[in-house]
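Report on the structure given below.
FYI, the numbering just counts along the sequence from 1. We count ligands from 1, going down the list as the structure has it; atoms in each ligand are counted the same way.
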Amino acid sequence: MPDHFQVEHQDGGCRARTGRLTTPHGEIQTPIFMPVGTNASVKAMRPEDLTDAGAQIILANTYHLYLRPGHRLVEELGGLHRFMSWDRPILTDSGGFQVYSLTELRKITEEGVKFRSHIDGSMHLLTPELSIKVQEALGADIIMCFDECPPADAGREYVERSLAMTTRWAQRSKDAHTRRDQLLFGIVQGGRFSDLRQRSLQELQGIGFDGYALGGLSVGEEKPVMHEVMDACSDLLPADYPRYIMGIGTPEDLVEAVWRGYDMFDCVMPTRNARNGMLFTSQGRVNIKRKQYEQDQGPLDPACSCYVCRNYSRAYLRHLFRSGEILASMLNTHHNIAWYLSLMGRIREAIRQDQFEAFRKEFYHQQHTTAE
Ligand SMILES: O=c1nc[nH]c2cc3[nH]c(NCCN4CCCCC4)nc3cc12
C-alpha cells in the first residue's frame with residue numbers, strides 16, 4: 001500500500017471504492033472530479049467560488065502554460081499556486097495530448113514532438129524531459145508522464161509502436177523527475193486493444209509510478225469501446241494505487257467509470273457546456289436558452305443547493321444568456337461545477353453505504369426521465 005493513497009471503503013456490491021489521496025497541498029477524497037483550469041484559470045470562476053462549490057483539486061495544462069506565460073515566469077513568481085491564488089492541489093497534464101489535439105503542424109520523433117504554437121506560430125520541441133521540467137517549475141502536486149495519444153482510428157500496428165514509445169517516454173519522464181514531493185502518474189495507452197493495454201500497464205508498473213491513468217480515451221471512440229477498455233484495465237490496474245481516466249466525461253461516464261473501480265476524472269464539459277447554456281440538473285440537461293424558460297421563476301435545479309439555484313430563476317439565467325451578459329457564463333459555470341462536484345459527493349456517500357449499485361440504477365433513471 002503506497003503511503004500517499006489509501007482505499008478507505010470498498011463497496012460490497014461492485015468495484016466502486018472511496019479513497020484518500022495525500023498531496024503536498026492537501027488531502028483529496030476520491031472518487032474525485034477535477035475542474036479544468038487550462039490557462040491557470042477555471043474559466044469564469046474565482047478560486048473562492050471553486051472552493052465554495054466543493055472543488056478539492058483542479059487541472060492545468062503544461063502545453064498552454066509553457067507557451068504562455070512560460071513556466072520560468074510562473075516559477076519566478078512563486079509557482080502556479082501563488083500565481084493563481086489557489087492553495088489546494090493541482091494536477092498538470094503533460095502536453096502531448098494538447099499538441100496532438102491543438103496543433104496542425106507537428107512531427108513525432110523518438111526525441112519528442114515538434115510543433116508550431118497555436119498562439120504565435122513559433123516552432124517548439126516538447127520532450128519528456130522538458131515536459132517534466134515545466135511541470136516541476138509550475139509546482140503541480142500531481143504531474144503526468146509525457147505520452148503519445150494515438151488517434152482513435154489508429155490501426156493495431158500504429159498503436160503497438162506508439163505504446164512502445166510511450167513506455168520509453170515514461171521511463172525518460174521518471175528519470176527526469178527530481179522533485180520527489182510531487183506525485184508522478186504513468187499513462188496507459190494501447191488503444192482499443194485489450195492485450196496492448198495490458199502490455200502498456202505491465203511495462204509502466206515495471207517502471208513504477210504513484211498512480212496510473214488511462215489515456216487514449218474520450219477521443220471519439222464508441223461508448224462500448226470505452227467501456228471495454230475500462231473493464232479490461234480495471235482488473236489489471238494495481239488496486240491500491242489511484243486510477244485516473246483522462247478526459248472523462250459526462251455525468252453518465254463518471255458513474256460508469258466509478259462503477260468499474262476508477263477514482264479520478266477531468267473534463268471541460270461542465271465549464272464548456274455552461275458557456276453554451278447547456279446546464280446539468282438532477283432531472284437531466286437543461287438548455288437554458290429555450291423559450292419554455294422565459295417566465296419560469298423556479299430555480300435551475302430544485303434539488304441543487306448551490307449559490308445560483310438559491311438566488312436566481314431560470315427566467316433570469318435565460319435572459320442573461322440571450323443578452324450575452326458575462327454574468328451568464330459566471331453563474332452557469334458555477335452551477336455546472338457545483339452540480340458535478342455534488343454528484344461526486346453523492347457517489348462517495350453511496351459507496352460508503354454499500355449502495356452504489358442502487359445509486360447507479362436510480363441515477364440513470366433520473367437523468368433519462370425528463371431528458372430535453
Ligand atoms: O492519452 C492522453 N494522454 C494525456 N492526456 C490526455 C487527455 C485527454 N483528454 C481526452 N478527452 C477530452 C475529451 N473532451 C470531452 C469534452 C469535449 C472536449 C474534449 N482524452 C485524453 C487523452 C489523454
Got the closest protein heavy atom to [atom], with its distance?
| atom | value |
| --- | --- |
| atom 23 (C) of ligand 1 | F97 CD1, 3.6 Å |
| atom 19 (C) of ligand 1 | V268 CG2, 4.6 Å |
| atom 20 (N) of ligand 1 | L217 O, 2.8 Å |
| atom 11 (N) of ligand 1 | S218 O, 3.0 Å |

Pair H81, D141: side-chain N/O donor-acceptor within cut-off below 3.5 Å
yes
S313 side chain to Q297 side chain, donor-acceptor N/O pair below 3.5 angstrom:
no
Among C267, S94, G247, which one has a heavy atom closest to atom 10 (C) of ligand 1?
G247
Report the part of M144 in contact with ligand 1, treating N, CA, C, O as backbone and CB onward as side chain, heavy atoms under 4.0 Å; options are side chain, backbone, both, neither.
neither
Polar proximity ligand 1 side, [X] side, N/O cut 3.5 Å exclusive:
| X | answer |
| --- | --- |
| Q98 | no |
| D147 | yes |
| Q189 | yes |

Any atoms of ligand 1 less than 4.0 Å from a non-hydrogen atom of [X]? List them with their elements.
| X | value |
| --- | --- |
| G215 | 1 (O), 2 (C) |
| G216 | 1 (O), 2 (C), 22 (C) |
| D93 | 4 (C), 5 (N), 6 (C), 7 (C) |
| R272 | 17 (C), 18 (C) |

Atom pair CZ/CE of F209 and M144 - distance to nearest 0.5 Å:
9.5 Å
Would a distance-only check, ignoring hydrogens and angles, find a side-chain to backbone donor-acceptor pair under 3.5 Å from D11 to F356?
yes
Taking all non-hydrogen atoms of both residues, which atom of D210 and which atom of H4 are closest, and how far apart?
O-NE2, 2.6 Å
Tell me whether the rings of Y212 and Y241 are parallel (<30°), tilted (30 to 60°) or perpendicular (>60°).
perpendicular
Measure up the H124 and F115 rings against each other and bin them: parallel (under 30°), tilted (30 to 60°), perpendicular (over 60°).
parallel
Run the side-chain contact (heavy atoms from CB on, under 4.5 Å) test on I143 and L183 for me, step by step, so that the C-alpha distance in whole Å, both residues' side-chain angles and the decisive distance to 0.1 Å come before the verdict.
CA-CA 6 Å; I143 67 176; L183 300 176; over 6 Å; no
Give the C-alpha distance, both sets of side-chain angles, the deciding distance and a yes or no for side-chain contact (heavy atoms from CB on, under 4.5 Å) between V159 and F193.
CA-CA 9 Å; V159 170; F193 308 102; 3.9 Å; yes
